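See structure below.
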There are 2 protein chains.
Amino acid sequence: MTTIYIAEDQEMLNSALSAILDLEDDFEIIGNATDGQMAFQEITTLKPDIAILDIEMPNLTGLEVAQELRLNHQNIKIIILTTFARKKYFESAVASEVNAYLLKDSPTDKLVDTIHKILDGQIIYDANLVSSILTAVKNPLTAQELKIMQEFALGKNTQEIAETVFLSSGTVRNYISSILSKTGTHSRIEALNIAKKNNWI
Amino acid sequence: MTTIYIAEDQEMLNSALSAILDLEDDFEIIGNATDGQMAFQEITTLKPDIAILDIEMPNLTGLEVAQELRLNHQNIKIIILTTFARKKYFESAVASEVNAYLLKDSPTDKLVDTIHKILDGQIIYDANLVSSILTAVKNPLTAQELKIMQEFALGKNTQEIAETVFLSSGTVRNYISSILSKTGTHSRIEALNIAKKNNWI
DNA sequence: TAAAAAAGATGACAAATGTCATGTCTTTTA
DNA sequence: TAAAAGACATGACATTTGTCATCTTTTTTA
């Protein structure tokens, strides 16, 4: 019997998955949460064979939970289940040596299948995810530029950005100018739209 | 036996819900789609007793499908199932006289329960939804202001906005000034952030 | 129907934004 | 180690943005 814990903040999906997996006669759902913090605590005490983690959850993301579990040397197989094919997410997941990374854009059969495979020692990365990461327009912004973009995404003006990143406001404007040129745009809003579309932000 | 059609673009939830509802011995899932257009066509031919519609789907939204079904006088009970507690969505759903409006933030039990109740003739609006709409910060922007905000959300500059809304650029700037004052902000990006946070946009 | 409100426009101004050329220090790299 | 590349800064400039007072023309409303 394989014990499974589900952390997913969307109730409907959480309860639906719990019900379905529980139907399989070799699986047993031993707990579930809609909150990362709660999930981490329960997983460390319940020690399920498998933890299915959504990424975007309140308090602690699924990726943070995965990382903590690995730091604590918990011998638990982890499946990351998410909507987002973000490169950053994927890299973080790989760094935490998760056993599978699936998109919610695949049917439940695939989830069941994946559980069986990782119990077998396989590592499963969703093919769509991998291809979408390979085909993704790669982010041309430097770390500093990205940082500055994140600041003006919050609505800060040049001066406020300069204060938080400890640069002169002239330099900040230079960086923004560079951001606009790299994104082929002429305003902060346009640049933000491009960045969001390509998941750079 | 009650026949049910499910339109939901997230495969995982779609297949999970199908499986669960199909387990109930008085329900039968007679079809499902991950695309609004396809859903509309199949629903008109299959004529299920109940259609469960997600809102944000490719090609045709669940709200559009609902509206079309009502225009075609299809005697089908409709459940809108969505993540978003947007007032606009809700109003459109009410206008199309849907039989229920549920949030994905409720468990599957509630969905099953709701199906039984609407078969009984009841109209079900998710309590969380209703309360979040009542407590929502109401949008202080006029229709024109909102229109202009939607334009600059796309990254258009004053001149481009003026051309699309057929106003002088000076007037556009006046409207934007009014938007900023109503939102208590000093830049377009800040105003956009406020609008998004409150679901005005 | 007279008064009030709404919708749109103009002009003037200050502030913010975007662009460029240029300069100074570090770090890298060949 | 000399040359190149990076990171940060400055100043100057044109443009865009945001603010305001004022004006005209429609539409509403009392």
Side-chain angles (χ1 to χ4, degrees), chain A residues 87-88 91 95 136-201, chain B residues 87-88 91 95 136-201:
Chain A
K87 199 177 176 189
K88 287 279 179 208
E91 286 167 350
V137 178
K138 80 160 198 304
N139 187 339
L141 305 181
T142 65
Q144 188 71 294
E145 286 164 352
L146 198 60
K147 172 77 183 137
I148 287 176
M149 176 174 265
Q150 279 158 355
E151 294 299 321
F152 69 69
L154 300 176
K156 293 189 183 173
N157 66 17
T158 308
Q159 188 51 47
E160 290 165 337
I161 297 171
E163 279 159 20
T164 61
V165 299
F166 304 110
L167 290 175
S168 80
S169 68
T171 303
V172 170
R173 289 204 283 150
N174 285 340
Y175 278 116
I176 293 177
S177 196
S178 163
I179 291 168
L180 301 186
S181 127
K182 285 180 179 176
T183 53
T185 61
H186 295 278
S187 78
R188 298 172 188 209
I189 295 181
E190 277 183 288
L192 282 174
N193 288 344
I194 298 272
K196 281 173 193 155
K197 196 178 69 187
N198 294 312
N199 284 332
W200 299 340
I201 205 169
Chain B
K87 198 176 176 187
K88 287 278 178 207
E91 286 168 349
V137 178
K138 82 161 197 301
N139 185 342
L141 305 180
T142 66
Q144 188 71 294
E145 286 164 351
L146 198 61
K147 171 80 182 134
I148 286 174
M149 175 175 265
Q150 278 156 356
E151 295 299 321
F152 69 69
L154 301 175
K156 291 187 184 174
N157 66 19
T158 308
Q159 187 52 46
E160 290 165 337
I161 296 171
E163 280 158 21
T164 59
V165 298
F166 303 108
L167 289 176
S168 80
S169 68
T171 302
V172 170
R173 288 205 283 149
N174 285 339
Y175 278 116
I176 293 177
S177 197
S178 162
I179 290 168
L180 300 187
S181 127
K182 285 181 179 178
T183 53
T185 60
H186 293 91
S187 78
R188 298 172 189 211
I189 295 180
E190 278 183 288
L192 282 174
N193 289 345
I194 298 272
K196 281 172 193 157
K197 195 179 71 188
N198 294 312
N199 283 333
W200 299 340
I201 206 172

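Given the structure is predicted, the values throughout are model-derived calculations rather than measurements. Just so it is clear: chains get the letters A, B, ... in the order the sequence lines come, proteins before strands, and each one is counted from 1.
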Whole angstrom value for the distance that separates P of dG18(D) from CG of N157(A): 11 Å
Can you find a side chain N or O atom of T158(B) that sits less than 4.0 Å from OP1 or OP2 on dT16(D)? no
If you find the nucleotide of DNA chain C closest to G170(A) and the one closest to Q159(A), which residue's nucleotide is nearer the 5' end? Q159(A)
Check the distance between dA7(D)'s P and F166(A)'s CZ and give it to me in whole angstrom. 19 Å
Atom OH of Y175(B) to atom P of dC20(D): distance rounded to whole Å? 18 Å
Treating E163(B) as the side-chain partner and E160(B) as the backbone partner, does any N or O pair qualify as donor plus acceptor under 3.5 Å? no
Assign S187(B) to base, sugar-phosphate, or nothing according to its heavy-atom contacts below 4.0 angstrom with the strands shown. sugar-phosphate
Heavy-atom side-chain proximity of I161(A) to Y175(A) below 4.5 angstrom: no
Over how many whole Å does the gap from I176(B) atom CD1 to dA15(C) atom P extend? 20 Å
Does dA16(C) have OP1 or OP2 under 4.0 Å away from a side-chain N or O of R188(A)? no
Starting from P on dT17(C), measure out to NZ on K156(A) and report it in whole angstrom. 14 Å
Return whichever of R173(B) or L167(B) has its heavy-atom-nearest nucleotide of DNA chain C closer to the 5' end. L167(B)
In whole angstroms, how far is the P atom of dC20(C) from the CG atom of L180(A)? 11 Å
Is there a side-chain contact between S177(A) and the phosphate of dT19(C), meaning an N or O under 4.0 Å from OP1 or OP2? yes
May I ask you to check whether S178(B) and S181(B) show a side-chain donor-acceptor distance below 3.5 Å? no
For the pair N193(A) (side chain) and A153(B) (backbone), establish whether a donor and an acceptor sit closer than 3.5 Å, ignoring hydrogens and angles. yes
Does T171(A) make a side-chain N or O approach to OP1 or OP2 of dC8(D) shorter than 4.0 Å? no
List the steps and the verdict of salt bridge (Lys or Arg N to Asp or Glu O under 4.0 Å) for K182(B) and E145(B). CA-CA 10 Å; K182(B) 285 181 179 178; E145(B) 286 164 351; 2.9 Å; yes
Is the distance from OP1 or OP2 of dT19(C) to the nearest side-chain N or O of H186(A) less than 4.0 Å? yes
Can you measure F152(A) atom CZ to dT17(C) atom P for me and round it to whole angstrom units? 11 Å
Please state whether the phosphate of dG8(C), meaning OP1 or OP2, lies under 4.0 angstrom from any side-chain nitrogen or oxygen of Q144(B). yes
How is N174(A) classified with respect to the nucleic acid when contacts are heavy atoms under 4.0 Å: base, sugar-phosphate, or nothing? base
dC8(D) P sits how many Å from I179(A) CD1, rounded? 13 Å
